[in-house]
> 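Let me begin by handing over the structure; questions about it come next.
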Amino acid sequence: MKVRVGLELHQQLATRFKLFCKCPSELGAEEPEHSFIRRLRPTQSELGEVDPAALFEFKKGRYIVYELDDRSTCLVEMDEEPPHPMNEEAVDIALTVALMLNSDPVDEIHVMRKIVIDGSNTAGFQRTALIATGGYVDVEGKRIPIQTICLEEDAARLVKQQGKAVYYRLDRLGIPLIEIATAPVIESPEEALKVAYAIGRILRATRRVRRGLGTIRQDVNISVEGGGLVEVKGVQKLELVSKVVEYEVMRQKRLLAIRDELRSRGCRAEDLKGERFIDLTDVFKNTGCRVLKRAVKKGGVVLGVRLKGFGGLLCRELEPGLRLGGEFAARARFWGGVGGIFHTDELPAYGITAEEVAKVRSLTGADELDAVVFVADVRDKAVDALNAVLERAVEALEGVPDETRGPNPDGTTRYMRPRPGAARMYPETDIPPIRITEDRLLRLKACLPEHPEETVRRLIEVYGLNRKLAEQLMDSDYMPVFEKVTAETKVPTRFVAATLTETFKSLEREGVEVHRIPDPTLLELFKLLDRGLITRENIPDVVKWLSLNTDKTVEDCLKALDIRLLSQAELEKVVEEALAERAELVDKMGVKALKPLMGYLMSRLRGKVDPRLLMNMLRRKLEERAGRG
C-alpha cells in the first residue's frame, strides 16, 4: 500500500514582543495574579455552515478558566481590546525562513481568523497570515515541496482539567509562531523524520527561534492508499515523528483489513443505522460488576446495541495498546461523556458472568458473528455514547475515518476530534494588511543566515568534529552555546559538542529537563571545567541539579553537592597510599600496573580529580619506582 505523509511544523519565534501587542514574548510568572471564566460557542460561517470540530468541542459542555499575570498579558489576550498591528520583527523572521526555503513571498499579508473553540484562544479563533507559497527542501537527493508558510499567534497553554472546568494560562497566547507545511510526498517513517530535521535545521540557522520543550510542535498528516486522512496533532519531539508515522500506518492498514473482513461477512451500513438501543438494566440488577452496580445505584441505566457482523473484531489490535473496541470507547467517552464501554468480545470479565452475557445476547438478538456494546450511565449520556459507537461502526465499513488524533509518549495515537472543515477560516477585519516591498526582500536576502549544510561543513573543518557529531549539534538547540564555549575556553571542541548533544540527550531520556538551564549557566559550567574546578565526570550530576535550580549558579551547585577537587598534595597522598596498598601488584607488573591502578583509584576518586592529572601522576610514580628497581 502507498503511504503519503505531509508535515506541518510550528516553531515559536524569538521576538521581543508578541505578535499583536507589546507584551514580552515569553512565559509569565509561576503563579497567576488574576483569572476569569468564559464559555465558548460555535457560530455559523458566512455560508451558514458550522465547523464540525468547533461543534464537537462545544458539545462537551465545558467552561474555561483563564489565568494570567500583568507582565505577560494585556487586554489583547483577554479579547477586551482589538489587536495591534502585526509585529514587523516576526514578519522579517518568517520572510527570512521563506527565502531560505526557496519560497515565494506574497505581495501583501492579510490576517485571517481560524475558528478554535477548545478554549485555547479567548476570542474563539486563532489569527494566522499567509507569508509565502511554494519552495522546497532537499533531503538526501529528494526534493520535498513546501506548500505554505504562515505566521500565526500561539495558543494559550493548557494547565489542568477539573471536571467541566479547563484551565489555561494566557502568557503563551500571542507568541509569534511560524507554520511550515510540506506537500504530502513523504513515503516512510524514516523519511518523515529526516524532513522534519531538515526543516528544523533551517529554522535554527536563523538564530531567531525559541528552544526547549513546547516551543516546536509538528502536525503529521498521514494517509494509506484506500483510507482516509488522519492528522496527528501536536507532536512535541522531532525524534517521535517516525514512530508516530510507523504506528499510524500500522493502525490504518489494520483498519482496512477489518473493513475487508466486515464486507466479506455481508455487513451493511443501513443495518447498523437501523439498530435499536436495548435496556439491559434488569440483566445487571444483581451483577458482581462494580462499575455497572454503581451506575445503576445512582439512577443510571444500562443500554446496549448489537453490532451485526462485528463478533471477534472489537478485540483486534490496531497498534500497541489499542484495539478496535478502544476506538469505539474513545468516541463514546468524547461524545457521550461516559467512562467507557463494555463489549461481548471481552466478556465474561470484570465481574460480569457468562450467564449475564448470554442474556445480553438474547435480548439484543445477537448471534455468534455479532458483538454487543453496552454502556452504564444516565440515559441521555448512554444514548449519546451508543450513537457515537454506531457512527464509528459505520465508519469501520469504510475503513479509515478522517479525524484528528493526539500523540502518546510512545508514538501511538488517541482520538481527539473530527477533522475541521473549510468553514473555520474567515478574514480578520481589525488588522490592516502589510505590503511586502522589493526593498524589504532585498534587505533580507543580503543578510540571509548561513545554510545548515555550510554550517556542518564549517563545524567539521574549523572545529574538527566528525559529520555525525556536527549534524547532531545542528539538530540540537545548543549551537550558540557551543560557539561561545569554544570561543571563551580551551575545553576540547569535540568534548563540548558531545556533551551538548549525546550527554544531554541521555540525561533527557532519564527525565532531566536540561532545556530549563539558561545558556549563561551552561557557559559558566564549561568555564569552571576549563579552570580545573570541576571534572568531566561531574557534569551529569551538576546538570541534573541545575535543571531543578535554574535560578542558581554552578558554584551554588558545587557547594550544594559538596563537589571539591583534591589539591596536588592531597592527590599525592592518596596515590602513595594506593601504591602501598597494591605493592605486590606494582612489584609484579611495574609500569604495566597503570591500568588496574587507574581503575582502582577512579572508583574512589571519580568527580574529585581530573583523570588526566591522576594518570600523569600515577605514570610518573610508577616510572620512578621502575627506575629505582
Side-chain angles (χ1 to χ4, degrees), residues 8-26 76 83-112 127-138 143-154 174-182 198-211 215-216 427-428 430-459 462 474 477 479-480 483-484 487 519:
E8 294 175 21
L9 275 79
H10 305 80
Q11 172 77 64
Q12 287 183 359
L13 303 183
T15 56
R16 185 179 176 189
F17 302 119
K18 290 187 177 181
L19 193 55
F20 296 111
C21 70
K22 293 297 184 182
C23 290
S25 182
E26 57 190 45
V76 173
H84 303 180
M86 188 180 287
N87 184 335
E88 295 283 357
E89 180 189 11
V91 173
D92 274 353
I93 298 171
L95 286 169
T96 298
V97 173
L99 293 171
M100 293 183 72
L101 286 169
N102 312 290
S103 298
D104 299 317
V106 297
D107 295 330
E108 199 168 72
I109 297 173
H110 291 261
V111 180
M112 301 290 288
R127 294 181 178 94
T128 183
L130 180 66
I131 298 294
T133 60
Y136 59 88
V137 59
D138 290 325
R143 182 151 291 183
I144 307 296
I146 302 297
Q147 290 185 330
T148 58
I149 298 175
C150 294
L151 180 61
E152 57 190 28
E153 57 182 352
D154 206 346
I175 290 179
L177 196 71
I178 190 170
E179 178 194 79
I180 301 169
T182 75
I199 297 175
R201 286 173 185 168
I202 287 175
L203 288 168
R204 279 187 286 272
T206 66
R207 305 291 178 90
R208 303 301 304 278
V209 297
R210 307 184 79 84
R211 69 179 179 89
T215 61
I216 185 169
E428 166 63 78
D430 291 332
I431 302 172
I434 298 176
R435 185 159 186 80
I436 303 302
T437 64
E438 190 62 32
D439 287 345
R440 185 174 196 166
L441 293 178
L442 288 173
R443 170 175 59 83
L444 294 174
K445 287 177 181 177
C447 54
L448 285 180
E450 183 179 50
H451 192 276
E453 189 54 43
E454 295 172 4
T455 304
V456 170
R457 191 179 303 115
R458 177 168 58 86
L459 290 172
V462 176
M474 270 298 302
D477 293 319
M479 267 293 295
E483 292 179 335
K484 267 190 165 296
D519 289 356

> So, for Arg204 and Val209, which heavy atoms are closest and what is the spacing to 0.1 Å?
CA-CG2, 4.0 Å
> How close do Ile431 and Met86 get, counting heavy atoms only, and between which atoms?
CG2-N, 4.4 Å
> Holding to side-chain hydrogen bond (donor to acceptor under 3.5 Å, both in side chains), I want the full list of residues that pass it with Arg208, two or more places apart in sequence or in another chain.
Glu89
> Excluding sequence neighbours, so at least two apart, what forms side-chain hydrogen bond (donor to acceptor under 3.5 Å, both in side chains) with Arg16?
none
> Do Leu151 and Val91 have side chains that get closer than 4.5 Å, going by heavy atoms?
yes
> With sequence neighbours left out, what residues match Glu179 under salt bridge (Lys or Arg N to Asp or Glu O under 4.0 Å)?
none
> Does a side-chain heavy-atom distance below 4.5 Å link Ile180 with Leu203?
yes
> Taking all non-hydrogen atoms of both residues, which atom of Phe20 and which atom of Glu153 are closest, and how far apart?
CD1-OE1, 3.8 Å
> Heavy atoms, side chains only, cut-off 4.5 Å: are Thr206 and Gln11 in contact?
no
> Residues two or more places apart in sequence or in another chain: which of them pass salt bridge (Lys or Arg N to Asp or Glu O under 4.0 Å) with Arg457?
none
> Please name all residues satisfying side chain to side chain contact (heavy atoms under 4.5 Å, CB included) with Pro24, sequence neighbours left out, ordered by chain then number.
Glu26, Arg71
> Among residues at least two apart in sequence or on other chains, which ones pass side-chain hydrogen bond (donor to acceptor under 3.5 Å, both in side chains) with Glu454?
none
> Can you check whether Thr182 reaches Ile199 side chain to side chain, under 4.5 Å on heavy atoms?
yes
> For Ile175 and Leu13, which heavy atoms make the closest approach, and how far apart are they?
CG2-O, 4.4 Å
> Using the side chain to side chain contact (heavy atoms under 4.5 Å, CB included) criterion, which residues pair with Thr455? Sequence neighbours excluded.
Glu450, Arg458, Leu459, Met474, Met479
> List in chain and number order the residues that pass side-chain hydrogen bond (donor to acceptor under 3.5 Å, both in side chains) with Glu438, two or more places apart in sequence or in another chain; answer none if no residue qualifies.
none
> So, do Pro433 and Ile109 sit near enough that their side-chain heavy atoms are less than 4.5 Å apart?
no
> Search all heavy atoms of Leu101 against all heavy atoms of Ile202 and return the closest pair with its distance.
CD2-CD1, 3.4 Å
> Mind jotting down which residue pairs meet the side chain to side chain donor-acceptor pair (under 3.5 Å) criterion with at least one end in residues 96-106? Sequence neighbours excluded, please.
none
> Just to verify, what does Met112 make a side chain to side chain contact (heavy atoms under 4.5 Å, CB included) with, not counting sequence neighbours?
Thr128, Met425, Pro427
> Tell me every residue that passes salt bridge (Lys or Arg N to Asp or Glu O under 4.0 Å) with Glu428, counting only those two or more places apart in sequence or in another chain.
Arg113, Arg127
> Apply side chain to side chain contact (heavy atoms under 4.5 Å, CB included) to Pro145 and list each qualifying residue two or more places apart in sequence or on a separate chain.
Ala183, Val185
> Heavy atoms only: give me the nearest Asn87-Lys18 pair and the separation to one decimal.
ND2-O, 3.2 Å
> So do the side chains of Arg443 and Asp92 get within less than 4.5 Å of each other, counting heavy atoms only?
yes
